[in-house]
Amino acid sequence: MLKRVEARQVRTGMFVEAIEGAWHDPFLSKRRFLLRREIDAQKLRKNGMTGVIINTSRGLDIDGLPGGNIEIDTKAARETIQKSMQVLESIFGRLQHGDGISVDQVAPVISSVSKSIDQSPTVFLSVTRLKSKDEATFLHSISVSALMILFSRHLGLDETTVQMLGTAGLLHDVGKLEIPLEILNKEGPLDEDEIKMIRDHPEKGYAILSRQEGISEIVLDVCLNHHERIDGKGYPRKLSEAQVSLHARIAAICDVYDAITSVRPYRAPWSASQALKWMLGNEGHFDRRLLKKFALCLSVAAVT
């Protein structure tokens, strides 16, 4: 099982999946390794990093004991995610080259993600948090899809709507296909032109999906409006609170939550509690009543 621990809790015998934030030690910069030497454990404890992602199915837990026989769950989640990324990469590739796609092509991914998130949400979401630069776009889409399925079921929406929201999560950032990778992956601050280019992606995505057959209004709505805000300061259209649909509000919460809780090579992620505290304090951005229900949803699912 993937688990986040504080840097001070690291000990030899743990299997390290990822280190939060930038880290330049030639040995410890490896993405995945068994921590064998006390001197290396000391480096991790004293370097000021915020946390470490460990795999208790391949090493010790914080109590010094193996984490239990849950490697099968982790392996199944990884396989689902890998296959989903391959399908999604193919779909995005077709769109990028001007070819058409159908909902039927997306359906197997939604089915697999839906099953995995239903069986073991903690394991599935933990695996999707580990985003390398090359995997970020696809893993983010898969994670947002999973979160939207999880949350919409918690809200008691009908299963047809749940599946449509899962599809919307998978395709919500398709407009980023038209943004150069050097801008998407830029580690420093963006200039005004780059910010404008990023903020154009909902409309670009909407235009791409509008040309496809069988794409539902829910998917189009989420694609266009997932960056709108309750206070009318969102983009691209600065919609008022009454104009932002429930589906777009759900997407806005899931999109930002995944972005700030994900492990990236150049930035430390936030824990679930840190992320939700910040989101609740960000007045005017999210539907607060819905956000509180999202926090309860994560609590029920035991997502940390």
Side-chain angles (χ1 to χ4, degrees), residues 1-79 81-82 85 120-136 139-140 142-143 185-189 256-279 281 295 298-299 301-304:
M1 177 179 181
L2 298 182
K3 180 176 183 178
R4 182 188 183 276
V5 300
E6 301 295 329
R8 61 181 174 77
Q9 297 174 304
V10 168
R11 57 180 294 162
T12 55
M14 289 182 168
F15 190 92
V16 176
E17 288 279 357
I19 300 170
E20 294 179 352
W23 182 245
H24 305 294
D25 183 283
F27 173 73
L28 298 180
S29 61
K30 292 180 182 179
R31 181 167 179 181
R32 306 172 69 223
F33 60 93
L34 180 65
L35 194 55
R36 300 177 185 275
R37 304 188 304 170
E38 178 58 28
I39 188 173
D40 294 323
Q42 288 177 1
K43 286 181 183 179
L44 284 173
R45 288 196 292 265
K46 295 177 180 179
N47 69 65
M49 305 303 288
T50 55
V52 175
I53 308 298
I54 64 171
N55 188 336
T56 58
S57 68
R58 302 191 63 180
L60 300 182
D61 204 333
I62 56 177
D63 58 5
L65 299 173
N69 185 23
I70 56 172
E71 188 170 358
I72 294 175
D73 288 343
T74 304
K75 182 180 180 182
R78 288 186 183 281
E79 288 177 352
I81 290 165
Q82 193 60 43
M85 282 201 300
S120 187
T122 302
V123 171
F124 189 85
L125 293 174
S126 293
V127 173
T128 63
R129 282 182 179 179
L130 305 177
K131 296 176 173 64
S132 70
K133 188 177 292 187
D134 295 334
E135 298 172 335
L139 270 178
H140 173 64
I142 291 168
S143 183
N185 294 328
K186 187 174 180 179
E187 297 180 15
V256 171
Y257 175 83
D258 179 69
I260 60 180
T261 58
S262 292
V263 176
R264 297 299 299 276
Y266 52 83
R267 176 184 52 76
W270 290 353
S271 66
S273 59
Q274 289 172 321
L276 292 168
K277 182 178 180 180
W278 177 82
M279 291 171 74
L298 295 184
S299 176
V303 175
T304 58

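This is a predicted model, so every value here is computed, not measured. Quick note: numbers below take in every heavy atom, side chains included, and nothing from hydrogens, waters or symmetry partners.
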What distance do [X] atom [atom1] and [Y] atom [atom2] have between them, rounded to the nearest 0.5 Å?
| X | Y | atom1 | atom2 | result |
| --- | --- | --- | --- | --- |
| Ile142 | Thr128 | CD1 | OG1 | 8.5 Å |
| Glu17 | Ile54 | CD | CD1 | 10.0 Å |
| Arg78 | Met85 | CZ | CE | 10.0 Å |
| Asp258 | Arg129 | CG | CZ | 9.0 Å |
| Leu125 | Leu298 | CG | CG | 8.0 Å |
| Leu276 | Ile260 | CG | CD1 | 8.0 Å |

Exercise: identify the closest heavy-atom pair between [X] and [Y]:
| X | Y | value |
| --- | --- | --- |
| Trp270 | Ala275 | CE3-CA, 3.8 Å |
| Asp61 | Arg11 | O-CD, 4.2 Å |
| Pro269 | Ser262 | CB-O, 3.1 Å |

**Item:** Arg45 side chain vs Val10 backbone, donor-acceptor pair below 3.5 Å
**Value:**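 Between the backbone of Val10 and the side chain of Arg45 there is a qualifying donor-acceptor contact (under 3.5 Å).
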**Prompt:** Hey, is the main chain of Leu139 close enough, under 3.5 Å, to the side chain of Ser143 for a donor-acceptor pair?
**Reply:**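 No, the answer is negative, given that no donor and acceptor are paired below the 3.5 Å cut-off.
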**Fill in**
Residues passing the side chain to side chain donor-acceptor pair (under 3.5 Å) test with Gln42, sequence neighbours excluded, are none
**Asked** Excluding sequence neighbours, so at least two apart, what forms salt bridge (Lys or Arg N to Asp or Glu O under 4.0 Å) with Glu79?
**Response**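 Residues passing salt bridge (Lys or Arg N to Asp or Glu O under 4.0 Å) with Glu79: none at all.
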**Request:** Could you give me the CA-CA distance, side-chain angles and deciding distance for Met14 and Val52, then say whether side chain to side chain contact (heavy atoms under 4.5 Å, CB included) is met?
**Result:** CA-CA 10 Å; Met14 289 182 168; Val52 175; over 6 Å; no
**Request:** Report yes if some heavy atom in the side chain of Asp40 is under 4.5 Å from a heavy atom in the side chain of Phe33; otherwise report no.
**Result:**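 Asp40 does not reach Phe33 side chain to side chain.
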